[in-house]
Amino acid sequence: MSASSWKERLKGRLPAALEEEITIFETQLTLKRQDKIDDKIFAETRLRRGVYGQRYDNGQRHDGVETRPLNYPCEDLTKGPQTVWDAPGMQRIKIPFGGLNAEQMETLADLAEEYSDAICHVTTRQDFQLHFVHIDDTPDLMRRLAAVGITTQEACGNVVRNVTACPLAGVCSDESFDVTPYAHALAYFLLNHKDAQDFGRKFKIAFSGCTDHACGLANMHDLGLIAKTRVENGQSQRGFTFYVGGGLGAVPHQAQVLDDFVAEEEILPLAQAVCRVFARLGEKKNRARARLKFLVAKLGIEEFRRLVLEERAILPPDERWTLYMDNLSATDEAPTRPAGTLPEEPHPDGFADWMASNVMFQSQPGYAVATVCLPLGDLTSAQLRTLAGITCRYNGGRARTTVEQNIVLRWISQADLPGLYTDLAAVGLAQSGASTLRDITACPGTDTCKLGISSSRGLAAELRQRVSACNGQIDPSVQDLKIKISGCFNSCGQHHVADIGFYGVSRKSDNHAVPHFQVVLGGQWTENATAYGLAVAAVPSKRVPEAVERITDFYVAEREPEETFQAFIKRAGKAKIRTLLQDLTKVPAYAQDSSYYSDWGDPREYSLGDMGVGECAGEVVSLTEFGLASSERQVFEAQVDLDNRDFDKASQTAFQAMLEAAKALIQVYNIDVINDADQIVEEFRRRFYDTELFHDPYAGAKFANYLFHAANGGRTDTSPAAVHRRIEEAQLFIEAAYSCYNRLGQRQPM
Amino acid sequence: MESVKVDLKLFLQEPAEVELEDFIPVFHDWIQHQRLDELLIDVVDYRHVHDGPGVMLIAHDAHYAMDMADGRMGLLYSRRRETHPARNAIQSVTERLRSVLRCALEACRLLEAEPSLQGRVKFRGDEVLLRINDRLVSPTPVAFDDLQTHLRPVLERLYPDCQVDVQSCGGSDSRLAVKITASDDSNVGTLYSRLDGSGVRTAAGS
Ligand code: HEM
Ligand code: SF4
């Protein structure tokens, strides 16, 4: 019964490239434990695999009375700047366009039980997140995901994040066409793409099937693609309107149109060209201004467009640009049950409500989409496992996550709806009210986020409970309003695009800090989030439920017939609403009512002492720094080979390490360097040796000659002593490469 | 079975007497006053999910949850690793099982004695759920027998002179799990003292 390892158990069951990738990461963990990798580089290395920090990982926590150290057993070992190795972390798991199958759901459920807290959390960008994960467990966790076709690569860090898409893609009556295969193709084309590795910040992409509805939120993304068809020469042609430079965050920007119609075969190369321009010209030092939105704003859309088209024109052709188009149906989901009609009553208790709010008929007659509402985006492992079984019964084992932190089940025969409802209800997954006032979105906030100021999840839970309690008495005009909550101004909860948004702030009163939320009104969810709201007043956390009540009552009482909430807010004016909330903003003295001085769901006296350094921006690590770190890992591997007396392999790996370092340096000038030993050596000679750029101030050409010697057949001597020497030379060569890179200065113009 | 990841749950006698919310300040207080001999980190509120882990106290070596799985409230102790000096020398599965029980019973005892809960929390001593939270250990009949062998000496101490039944109850989620029932409904304090009075005071303490 003795346990083997997951590496052993899954041998041959994951794609070779992913196995190699994960093994590399494992080696990096080993090197970091030996203090052989720089904190900053290691942090970005793990972030790019979705391994995130979490609150209290700086080794301290305010317990309500004072800030105390958390004495993790690892002592000084860190996994990034001010991030303690042993501290629990978060694992983000990228789910392109939110598409999941049953096996994947079961695996996620298993992983949450074994490595996390048995809770699977759906994020506001269709990802999954597991919390309280130890970094030592992450390689196994990744292997088990890889075995079911999921990678966590580039889930965080300054890279292309999860590519999102309407969860109704392919079944929605409003869409131009199904965007799924395009989202899938672009996600995997840009994954690990060399042109998408050298960003100053993250890069988010979203696909929408139509212009009018919210689902894709294309306007708030770095790159938004909205499906469109046009008729050319009597032929209907598919394409996308390309939006660039949108984004939320502290300074939200609406995206601008880069091109009104980009034909389907052009979307991959054009996206690649946008990435290249962003990598080349985007801000790298000041991360507060490093998102694409700032570059587009700085250059102006015309100039940005010109640069992108110029870049597009010189891109080396790539067959992957159109290869996927030969099989656009690869992502199709076929129904497994015959189309049907809803059976006559009687229906199960609660079915009518659920049907009204959670079910939408598909464009395909006889089928429906059912939304599984997840409170705060959470479900238990047991629920997710059961859900996987339910999908196998009803739709062939498929589901999609949504940006509203829910899960949708598509291709449900209408005849099966009562049965589905009953099965979901048995595990508490049949809550009605999807996309209504009580279906609140919230970021992690102070629960687990290092930057959290107020408890977004605590507030969301409280509001949800209160709204649910008065269900049935809520005026229909406010029933469908959306509430979104962020724990701070960074807007991970997308509060800018809610009808009523909140973000956490803190205020001082009576010499104590008091958790507050700014009330943000006037945002718009529809039309792909084309309007952002503005803050009207900061209300203490504990009075926010009353603020919601006041605002909604005011709307119900004073709205004109048919007047939308947004139009009403505009007409009423922010000043009036501010006055409406004025008395709620007052904070009583501590002695009078201390409840104001703690947050929802957390009885500790509130303090800002737990805020740490967020990892949202990742660390700006250049391609060259990454390459040099990777060459160091190879030298280490060569040493291991030598210890194992595999001299041929050790010699070869040491040479590879030098090549990697040389290539990394070349990338300062030429990002397209070809991965071929002869070409790398030749280009290195030309750019660094002939120019003497690589020459050491004291040792001159000595270190460069190590590379040339090995390349010129020197590495064929695989006697133990020669290999030993070669490994030392490789190490020295890499040191010299670091020095050279430092001498070159931060960055040379390309 | 070498896995350190062992879960153990003890159930409440009268779950209706208490609300999950009541445990939030208690767990915070445990952190403030270092009530358990281990590195306690944070409290997590999962009351909003159906039959979920309820309210959790996250420690470095384990998670403690007032858990609602299958609709039954109880204390779930879920060991994650063994870094505490008293645990990192654990040599055998039996020692580990004893140590897990000791930690879980200790938490139960504390909850029963918690002033703010005013005696509303009482655990059943006659039923224990034990699970290997590691799918590298497949829930085969051989693994079940193996677990029983390791468990026997612990149960003999825990429930002397009474009928004890160990039944396999896992499987659907691919984890090895057993339900232990005993004809003796002693309180957790008694169970704890029996464990401790085992005479085999190993390094497996809590
Ligand atoms: C300065 C730091 C940060 C900024 C500016 C930032 C900004 C954002 C924005 C604008 C979004 C979502 C909106 C969109 O869809 O584009 C987002 C998503 C998210 N952020 Fe942050 N964030 C930061 C740090 C963090 C931290 C420290 C956490 C906590 C662990 C966090 C958790 C999340 C989550 C859970 C999402 C939705 C997730 C996803 O991509 O799947 N963020 N962030
Ligand atoms: S909005 Fe702020 S509190 Fe919420 S996850 Fe983002 S950074 Fe953290």
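Within every chain, numbering begins at 1; the chains are lettered A, B, ... in the order of the sequence lines, protein sequences first and strands thereafter.
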Is it true that atom [atom1] of [X] has more than 12 heavy atoms of other residues, nucleotides or ligands lying nearer than 6.0 Å?
X        : atom1 : answer
A/Glu75  : CD    : no
A/Glu66  : CD    : yes
B/Lys179 : NZ    : no
B/Asp165 : CG    : yes
A/Arg13  : CZ    : no
B/Glu19  : CD    : no
B/Gln148 : CD    : yes

Against chain B, label [X] side chain, backbone, both or neither, depending on which of its atoms sit under 4.5 Å from a heavy atom there.
X        : value
A/Ser468 : neither
A/Leu379 : backbone
A/Arg55  : neither
A/Asp447 : backbone
A/Asp137 : side chain
A/Glu113 : both

[X] to [Y] - nearest heavy-atom pair and separation:
X        : Y        : answer
A/Val427 : B/His50  : O-CD2, 3.2 Å
A/Arg61  : B/Asp42  : NH2-OD1, 3.1 Å
A/Arg9   : B/Val137 : NH2-N, 4.4 Å
A/Pro603 : B/Ile24  : CD-CG2, 3.6 Å

Hey, what do you get for [atom1] ([X]) to [atom2] ([Y]), rounding to the nearest 0.5 Å?
X        : Y        : atom1 : atom2 : value
B/Leu136 : A/Asp140 : CG    : CG    : 7.5 Å
A/Gln465 : B/Arg47  : CD    : CZ    : 7.0 Å
A/Asp86  : B/Thr83  : CG    : OG1   : 7.0 Å
B/Arg175 : A/Asp110 : CZ    : CG    : 8.0 Å

Answer whether the closest heavy-atom distance between the side chains of [X] and [Y] falls below 4.5 Å.
X        : Y        : result
B/Arg81  : A/His134 : yes
B/Ile41  : A/Pro88  : yes
A/Thr380 : B/Asp51  : no

Heavy atoms only, distances under 4.5 angstrom: which of A/Leu70, A/Asp136, A/Leu429 has the most pairs with chain B? Name it, please.
A/Leu70
If you tally heavy-atom pairs under 4.5 Å against chain B, which of A/Asp117, A/Leu374, A/Val65, A/Leu376 wins?
A/Asp117
Taking B/Arg80 for the side chain and A/Glu114 for the main chain, is one N or O donor matched with an acceptor at less than 3.5 Å?
yes
If we ignore hydrogens and angles and just use 3.5 Å, is the side chain of B/Arg135 paired with the main-chain N or O of A/Leu111 as donor and acceptor?
no
Could you please state which residues from residues 60-71 of chain B sit under 4.5 angstrom from chain A, measuring non-hydrogen atom to non-hydrogen atom, sorted by number, or 'none'?
B/His60, B/His63
